[in-house]
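Worksheet for the structure shown next.
Being a predicted model, the structure only gives us computed values, none of them experimental. Note that ligands are numbered from 1 as they come in the structure, with each ligand's atoms numbered from 1 the same way.
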Amino acid sequence: MKIKINQNFSKLNKNYLFSEINMRVKKFQAENPDVKIIRLGIGDVTLPIPELVTSAIKKAADEMGDIKTFRGYPPEYGYEFTKDSVRLYYERKNIKVNNDDIFISDGAKSDLGNIVDIFDNNEIYITNPVYPVYIDSNTMSGRNIHFLNGSRENDFKPMPTGLDMEPKIIYLCSPNNPTGSLYSYDELKNWVNYAKDSGSLIIYDNAYEAFISGNYPHSIFEIEGGRECAIEVSSLSKMAGFTGLRCGYTIIPRELSAAGVLINDLWRRRQATKFNGVSYPIQRAAEAALSIEGEKECQKAIQYYKKNAKLLADFFKSKDIYYTGGESSPYLWIKCPKKYNSWEFFDYILKNAYIVTTPGVGFGTMGEGYLRLTAFNTYENTLEAIERLKKII
Ligand code: PLP
C-alpha cells in the first residue's frame with residue numbers, strides 16, 4: 001500500500017516485559033516439571049465479584065430481554081444513576097463532585113490513553129517508574145515526554161521542586177503502580193500549587209484509591225485548588241474486581257478551562273464522537289458496587305489482598321530490605337540486593353524460590369535494581385512464598 005502510517009508507533013518501547021517473563025517461567029517450568037510455581041507478578045485481581053454486584057447484572061440482563069424495560073444505546077457519558085453513585089461514593093469521603101463533571105467509561109486505561117486527543121502539543125511530564133499507558137499514548141501522538149524521576153531518595157514520590165514554570169501536562173498516580181507509594185496531603189498540595197502557579201494540568205490516576213489506609217488523600221479534589229488544575233481518572237477494576245467487567249470514570253471539573261474553552265466540553269465532544277457508552281448491565285453493576293453496601297462488600301476483597309501485602313511488607317522489613325508500598329496498595333516495590341539487577345534478581349527468585357515477580361526495570365529506567373511483587377495471590381500461597389523467600393534472602 002502507499003498510505004502513510006503513524007511513524008510515532010516506531011518510537012514505542014518494544015514492551016517485551018510480560019512476554020519475556022512468561023518465556024522465562026515457561027522454560028523454567030519445562031525444565032522443572034515437579035516444582036509448584038507461585039505467581040506474585042500478576043497485576044490482576046483474583047477474587048470473585050460480590051453477589052450483590054452479579055445479581056445487579058442478572059437483573060439488568062433480564063430487563064434487556066423484556067419489551068417494557070429494554071434499552072438501546074446508553075448515554076455516551078453514562079447513565080445518571082451511575083453518575084449519582086460515583087458522586088455519592090465521593091460524598092461519603094467528603095469530596096464534592098457534580099454529575100456534570102463525571103464521565104462513565106469502560107475503564108481507566110481507555111480514558112488515560114484517549115485523553116491525549118483533546119490536547120495540543122504540550123510538554124508531558126511523567127513519573128519514572130510508571131504504568132506504561134501514559135508514555136505510550138503520548139508517544140503515539142508524537143508528544144515530547146520528560147521524566148520525573150522516582151528513587152529511594154524521594155521514596156518514589158517525585159515532587160515539582162526545580163521544575164520550570166512553563167505550562168505542562170503532568171501525570172501522577174497515587175497509590176502508585178508499580179511502587180505502591182502514596183502522596184500525603186502536603187505533598188499533593190505542593191503539586192496542586194505548582195500546577196496552578198505554572199498553568200499546568202495534572203492528570204491524576206486514582207485507580208488504587210480503595211486501597212488507601214490512614215490519613216491520605218482519596219482524591220486530588222480533596223486538595224484546595226485541585227478542581228482548578230486536575231482531571232481525575234478512576235476505575236472499578238481494583239476497587240470492585242471489575243477487570244473483566246470493565247467500568248471506570250473520569251472526573252473533569254467544569255471549572256477547568258484553557259484558551260477560553262472548557263476541558264469538560266472538549267472531552268464531552270470527544271466521547272460523543274468516539275465512544276458509545278458502557279453497557280446497561282455493567283453500569284447497574286457499577287451502581288451496586290459503588291453503593292454503601294457494595295463498597296463494604298468490595299472492601300472485603302481489598303482487605304484480603306492488603307493482608308497479603310502486609311505479610312510481604314513485614315517480611316522485607318524484618319530483613320531490613322528497602323521497599324515502598326504494601327500498606328495502601330496491592331504492590332510492593334523492593335530493592336534488589338546490590339549484586340543483582342532487576343532481571344538477575346527475578347531469575348534468582350524464580351530459580352531458587354519458584355516465585356514469579358516483575359522486574360522493576362520493565363516500568364522504566366528508574367526501576368532498575370527493583371522488583372514489583374503483588375498481593376493478588378491467595379493468603380496461603382503468599383505465606384508459602386514468604387517461607388520460601390526466608391530460605392534464600
Ligand atoms: N491505572 C493504573 C495505575 C493501573 O495499574 C491500571 C491497571 O492495572 C489502570 C489504570 C487500568 O485500569 P482499568 O482496568 O480500569 O483499565
His146 and its ring pair (Phe, Tyr, Trp, His ring centres under 6.0 Å) partner, picked from Tyr171, Tyr134, Tyr125:
Tyr125
What is the closest protein heavy atom to atom 3 (C) of ligand 1, and at what distance does it sit?
Asp205 OD2, 3.2 Å
Side chain, backbone, both or neither: which applies to Phe242 and ligand 1 if a contact is any heavy-atom pair less than 4.0 Å apart?
neither
Side chain, backbone, both or neither: which applies to Ala108 and ligand 1 if a contact is any heavy-atom pair less than 4.0 Å apart?
both
Any non-hydrogen atom of Gly248 lying under 4.0 Å from ligand 1?
no
Within the supplied structure, the quantity of interest is the number of heavy atoms (other residues, nucleotides, ligands) at a distance under 6.0 Å from Lys307 NZ; does it exceed 12?
no
Give yes if a backbone or side-chain nitrogen or oxygen of Thr243 is under 3.5 Å from a nitrogen or oxygen of ligand 1, and no if not.
no
Does the side chain of Asn98 come under 3.5 Å of the side chain of Tyr90 through a donor N or O and an acceptor N or O?
no
Would you tell me whether Glu232 and Thr250 have side-chain atoms, one donor and one acceptor, within less than 3.5 Å of each other?
no
The protein heavy atom nearest to atom 8 (O) of ligand 1 is Lys238 NZ, 2.9 Å
For atom 5 (O) of ligand 1, grab the closest protein heavy atom and report residue, atom and distance to one decimal in Å.
Tyr208 OH, 2.6 Å
Of all the non-hydrogen atoms in the protein, which one sits nearest to atom 9 (C) of ligand 1, and at what distance?
Tyr131 OH, 3.3 Å
Do any N/O atoms on Tyr134 end up under 3.5 angstrom from N/O atoms on ligand 1?
no
Do the charged groups of Arg87 and Glu80 touch, with an N to O distance under 4.0 Å?
no
Closest protein heavy atom (residue, atom, distance) for atom 14 (O) of ligand 1:
Ser237 OG, 2.5 Å
Between Lys109 and ligand 1, is there a nitrogen or oxygen pair with a distance under 3.5 Å?
yes
Provide the number and element of each atom of ligand 1 under 4.0 Å from a heavy atom of Cys173.
3 (C)
How far apart are the C-alpha atoms of Arg227 and Asp101, what are their side-chain angles, what is the distance that settles it, and do they pass the salt bridge (charged side-chain N to carboxylate O under 4.0 Å, His left out) test?
CA-CA 10 Å; Arg227 286 185 66 84; Asp101 302 334; 2.9 Å; yes
Counting only heavy atoms not in Lys68 (residues, nucleotides, ligands), do more than 12 fall under 6.0 Å from its NZ?
no
Could you go step by step and tell me if Asp111 and Ser105 meet the side-chain hydrogen bond (donor to acceptor under 3.5 Å, both in side chains) rule?
CA-CA 7 Å; Asp111 288 354; Ser105 73; 3.0 Å; yes
Please check if atom NZ in Lys189 has more than 12 non-hydrogen atoms from other residues, nucleotides or ligands closer than 6.0 Å.
yes
At what distance is the nearest protein heavy atom to atom 15 (O) of ligand 1, and which residue and atom is it?
Ser235 OG, 2.6 Å
